[in-house]
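Residue numbers start at 1 and run along the sequence shown. Nothing here was measured: the structure is a model prediction, and the numbers come from that model.
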Amino acid sequence: PNLLIWLGVLLLFGYLILNMVLSCTGYSKIRIRGAGRQTAKNSLELEEEEDEDVCEAAEHCLEDRASRSNAGESEVRIPTMRQQSTALLGESTKPVDIAFRDLWYSVPSPSDKREQIDLLKGVTGYAQAGTMTALMGSSGAGKTTLMDVIAGRKTGGKVRGEILVNGRPKNDVTFSRIMGYVEQNDIHSPHATVHEALMFSAMLRQPESVPKQDKVNFVEAVLEALELDQLRDFEIGFKSEGGLSTEQAKRLTIGVELATNPSVLFADEPTSGLDARAAAIIMRCVKRVAASGRTVICTIHQPSRDIFQEFDRLLLLRRGGRMVYFGDLGQGSQHLLDYLYAIPGTPQMPNARYNPATYMLEVIGAGTGPAKEGMVDYAHEYDSSKLREINEGRLETLIANNKSDRDEVRFAKRFAASYPLQQLELMKRWNQIYWRSPTYNLIRILLNIVMALLFGLAFLQAEITDISSVQSFVGVIFMSTIFIGVVNLNITIPVLFSERAAYYRERAANSYAVAPYVIAYTVVEIPYLIVSTLVFMVIFYFLVGLSLDAGLFFQHWFIFCLYITVQTFLGQMLSALLPSQQVANILAGTLTGLMSLFSGFTIAVNDIVTFWQFMSYIDPLRYAFAALAQTQLQCDCAVQPSLGNELSNAVCTAGDLSGPCSEVCDTKLIGCSLLMVGPTPMTASQYAVQVWGFDYSTTWAYVGALIGFMTGFRLITAFALGHVNHLKR
């Protein structure tokens, strides 16, 4: 025995070394490449084909050719498709001006929750239709905070002051219908194509009264204006797996918001993480958005000279949320430079080629806290400047003009699309997601086939003749159920996590309600669960040799399918509730262990310590295991077989069902198999009752319990999606 123990220890070390060798070999010799439909190199080639200089040269040649062929006529300018698309975008927009006055934003102090820290201090300004306004400052100055406050995207803290839309107080529900918010992180459903993402946004966020063909035309105009037309049929994917490049994804993010036909577009650092060429492409696209008559507000960090000149107006903040400058930039940023030069102690810009944005941040100390000795306090200078008085006068004039010239923007409903339309579009999207997720659906079907063969061949046509065979029979039912359940629980978690960030973005934009979202992926999930469990059961059931009765087969499959659905819904619930995929996976493993322990297989329910018995009542595996085992082991015997039974003229022994004994029980049922338990023969059904405490009258009650778990998990998932947001602002 001692030798066998040490051989087992050596075998474990052998497995450890083998795993290390295989891992090293895999890391050094194998490289997994994504199956994306596009790479960054292809992206650049596409962009080079659409380079603006090439397009302008081609247009110039066309104009020359037209003028030569029409001698004596006035020169004809041939508009490009991109110019036409920009014009179409402008025709359908409703101009909106935004004004904000004396804005303060406070959050609780981390050290003392009773104290408040002011992140914005009395910020005043405005943004007009057809213009681009830059919000700038160093990191921590509050530029993104200011934009989030104006856009209504803050989920905590306290806001004071006025925000006016066309001269009237901002209504959060109404404002979400007319604005687009381009987040710094490009969050999209990875399984959608570029065109599908834009159409989804247009269908759900443009008013339902707009004809579908008009929405289609609008999306085409967006594709042209943002230079996405050649990428329309590319799946978004993940950048690491060959999906859209960073710059393409940023243009798509802008396009998704622009497809909603907003009057106001917010963009949080749209050029962050891009090289100079990609940043220029993005700003060229944003400029077209503003040229179409929309109000554009951007936070921007360390822009190049050319990008900085694209903006019409600047609001500059220093750390602490105080204003340093607000006003027009002017040609070559001359208005900004004149203002700074007029303040005593301000050094001149080194040379004419120097970047005004860099110079501006260097001059004000990049917002590094209170003014140091010898440094000008530019926030104080602005507070006492004539420019501030001029800005406040312009603000009052703008508000008065808006009230007299512009209609109030107000909508009766929170969502632009009706519930039936939301349901239809979400069903289409989730169907696409599942169809394009072979790593989810195809793999779980293949795993079901493989595991059915393994379990089936390991217990091939097992016959019940003694106690150990009953235990093995019940064991294979338990192991197959828990194993396939664990596979579905763990494989479903990444799927919902990959879509959760996109859901948060779309929920914040009021694209759709929670109920259609949950219903959509529930309805789409069910057919895949039916197919995958049926494939498993057809192989497993007949290989193991379960009861050859059509009714029992479908009953067994139905209960099995219910349990796998419960596990799948549990995984999706964890994905909605928990902050990260890692936490969800850890908790899923913990729950699996607890469910196995209290399922009634390892320890019979009646033998569990009284204090812990409540765990078995909240364990879905307990109900599934008992219902499945009871389905196969049920036996309605007319006479209980035993040696010398007074109720029977026959003497039945274990395994002997010939002659009169065949009339005692239905020999087709596994549960009616006779076996010896000590000196006493009994049916497998009776033995199961004795060992595991089965009650065959409760099978359908346990089915009801599984349906209850399904419903409960789905309701908790819906609640979490509606009220829990792990992307705090």
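In this structure, a donor-acceptor pair under 3.5 Å is absent between the side chains of E269 and T299. Side chain to side chain, N725 and R500 fail the donor-acceptor criterion of an N or O pair below 3.5 Å. With hydrogens and angles left out, the side-chain atoms of Y105 and D148 include no donor and acceptor closer than 3.5 Å. S245 and K239 share no donor-acceptor pair across their side chains, judged by distance under 3.5 Å alone. With hydrogens and angles left out, the side-chain atoms of N402 and D97 include a donor and acceptor closer than 3.5 Å. At a cut-off of 3.5 Å, with distance as the only test, no side-chain donor of T193 or D233 sits close to an acceptor on the other residue. Side-chain contact annotation: T358 with Q302, donor-acceptor N/O pair under 3.5 Å absent.
Without hydrogens or angle criteria, S263 side chain to V96 main chain gives no donor-acceptor distance under 3.5 Å. The main-chain N or O of V256 is found under 3.5 Å from a side-chain atom of S201 such that the two form a donor-acceptor pair. A distance-only check finds no donor-acceptor pair linking the side chain of N185 to the backbone of I187 [under 3.5 Å]. A distance-only check finds a donor-acceptor pair linking the side chain of S404 to the backbone of A400 [under 3.5 Å]. Side-chain atoms of R251 come within 3.5 Å of backbone atoms of L226 as a donor-acceptor pair (strictly under, hydrogens ignored). Although no hydrogens or angles enter the test, the distance criterion places a donor-acceptor pair under 3.5 Å between the side chain of T397 and the main chain of G393. Using modelled atom types, one side-chain atom of R168 and one backbone atom of N166 make a donor-acceptor pair closer than 3.5 Å. Checked by atom type and distance alone, the side chain of K143 pairs as donor or acceptor with a backbone atom of G137 at under 3.5 Å. Distance alone, capped at 3.5 Å, is enough to place a donor-acceptor pair between the N351 side chain and the R353 backbone.
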Derivation of the salt bridge (charged side-chain N to carboxylate O under 4.0 Å, His left out) call for R288 and E227: CA-CA 11 Å; R288 291 195 192 106; E227 305 173 31; 3.2 Å; yes
Steps toward salt bridge (charged side-chain N to carboxylate O under 4.0 Å, His left out) verdict (K413, E208): CA-CA 11 Å; K413 298 188 300 181; E208 195 167 0; 5.1 Å; no
Evaluation steps, side chain to side chain contact (heavy atoms under 4.5 Å, CB included), between L252 and L244: CA-CA 9 Å; L252 175 60; L244 297 182; 3.7 Å; yes
Residues E396, R101; criterion salt bridge (charged side-chain N to carboxylate O under 4.0 Å, His left out); working and verdict: CA-CA 10 Å; E396 296 301 327; R101 184 161 46 195; 2.4 Å; yes
Residue pair D312, L329: steps toward the side chain to side chain contact (heavy atoms under 4.5 Å, CB included) verdict: CA-CA 6 Å; D312 303 294; L329 281 174; over 6 Å; no
Derivation of the salt bridge (charged side-chain N to carboxylate O under 4.0 Å, His left out) call for E425 and K428: CA-CA 5 Å; E425 292 299 320; K428 287 167 58 178; 3.6 Å; yes
Side chain to side chain contact (heavy atoms under 4.5 Å, CB included) assessment of I178 paired with K94: CA-CA 9 Å; I178 63 168; K94 294 181 180 179; over 6 Å; no
Intermediate values then yes/no, side chain to side chain contact (heavy atoms under 4.5 Å, CB included), T246 and K250: CA-CA 6 Å; T246 303; K250 180 62 66 178; 5.7 Å; no
Y325 vs Y382, ring-ring contact (aromatic ring centres under 6.0 Å, His included): CA-CA, chis, key distance, verdict: CA-CA 6 Å; Y325 177 83; Y382 178 78; 7.3 Å; no
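Taking each heavy atom of G180 and R205 in turn, the nearest pair found is CA-NH2, 4.2 Å. Closest approach of A225 to C285, counting heavy atoms only: O-SG, 4.1 Å. Annotation for A417 and Q422: closest pair O-NE2, 2.9 Å, computed over non-hydrogen atoms. Of all non-hydrogen atoms in E247 and I282, the two that sit nearest each other are O-CD1, 3.6 Å. Annotation for S189 and I433: closest pair OG-CD1, 3.8 Å, computed over non-hydrogen atoms. Shortest non-hydrogen contact noted between A279 and I307 is CB-CD1, 3.5 Å.
The aromatic rings of Y359 and Y354 sit perpendicular, their planes meeting at an angle over 60°, well past the 30° parallel limit. Relative orientation of the Y434 and Y440 rings is perpendicular, given thresholds of 30° and 60° on the angle between their planes.
In this structure the side chain of E310 never reaches within 4.5 angstrom of the side chain of F308, judged on heavy atoms. The shortest side-chain heavy-atom distance between P516 and M427 does not fall under the 4.5 Å cut-off. The shortest distance between side-chain heavy atoms of L317 and V123 falls below 4.5 Å. Taking the side chain as every heavy atom from C-beta outward, T439 and V495 never approach each other to under 4.5 Å. Here the side chains of L496 and Y521 are in contact, with some heavy-atom distance below 4.5 Å. When side chains are defined from C-beta on, V216 counts as touching M199, because their heavy atoms get closer than 4.5 Å. Using a 4.5 Å cut-off on side-chain heavy atoms (C-beta onward), R177 and R414 make no contact. D186 has its side chain within reach of H188: a pair of non-hydrogen atoms, C-beta onward, lies under 4.5 Å apart.
Expressed to the nearest 0.5 Å, how far CG of D229 lies from CZ of R232 amounts to 8.0 Å. The structure places CG of L426 at 10.0 Å from OH of Y503, a figure rounded to the nearest 0.5 Å. Note that OG of S498 and NE2 of H191 are 4.5 Å apart. Values are rounded to the nearest 0.5 Å. To the nearest 0.5 Å, atoms CG (L340) and CG (L336) are separated by 4.5 Å. Once rounded to the nearest 0.5 Å, the distance linking CZ of R313 with CD1 of I297 reads 10.0 Å. Note: N510 CG to T260 OG1 = 11.5 Å, rounded to the nearest 0.5 Å.
Between R436 and E196 there is a salt bridge, since at least one side-chain N of the basic residue sits less than 4.0 Å from a carboxylate O of the acidic one. Between K215 and E220, none of the side-chain N atoms (NZ, or NE/NH1/NH2) sits under 4.0 Å from a carboxylate O, so this pair counts as no salt bridge. A salt bridge does not link K212 to D214: none of the charged side-chain nitrogens sits closer than 4.0 Å to a carboxylate oxygen. The pair R505-E257 meets the salt-bridge criterion, since a charged nitrogen lies less than 4.0 angstrom from a carboxylate oxygen.
Just one residue in the list I364, L361, L314 forms a side chain to side chain contact (heavy atoms under 4.5 Å, CB included) with V324, and that residue is I364.
Taking the centre and axis of the six-membered ring of Y512, the NZ or CZ atom of R507 falls outside the cone set by 45° and 6.0 Å.
The ring-ring contact (aromatic ring centres under 6.0 Å, His included) test applied to Y126 returns F326, not counting sequence neighbours.
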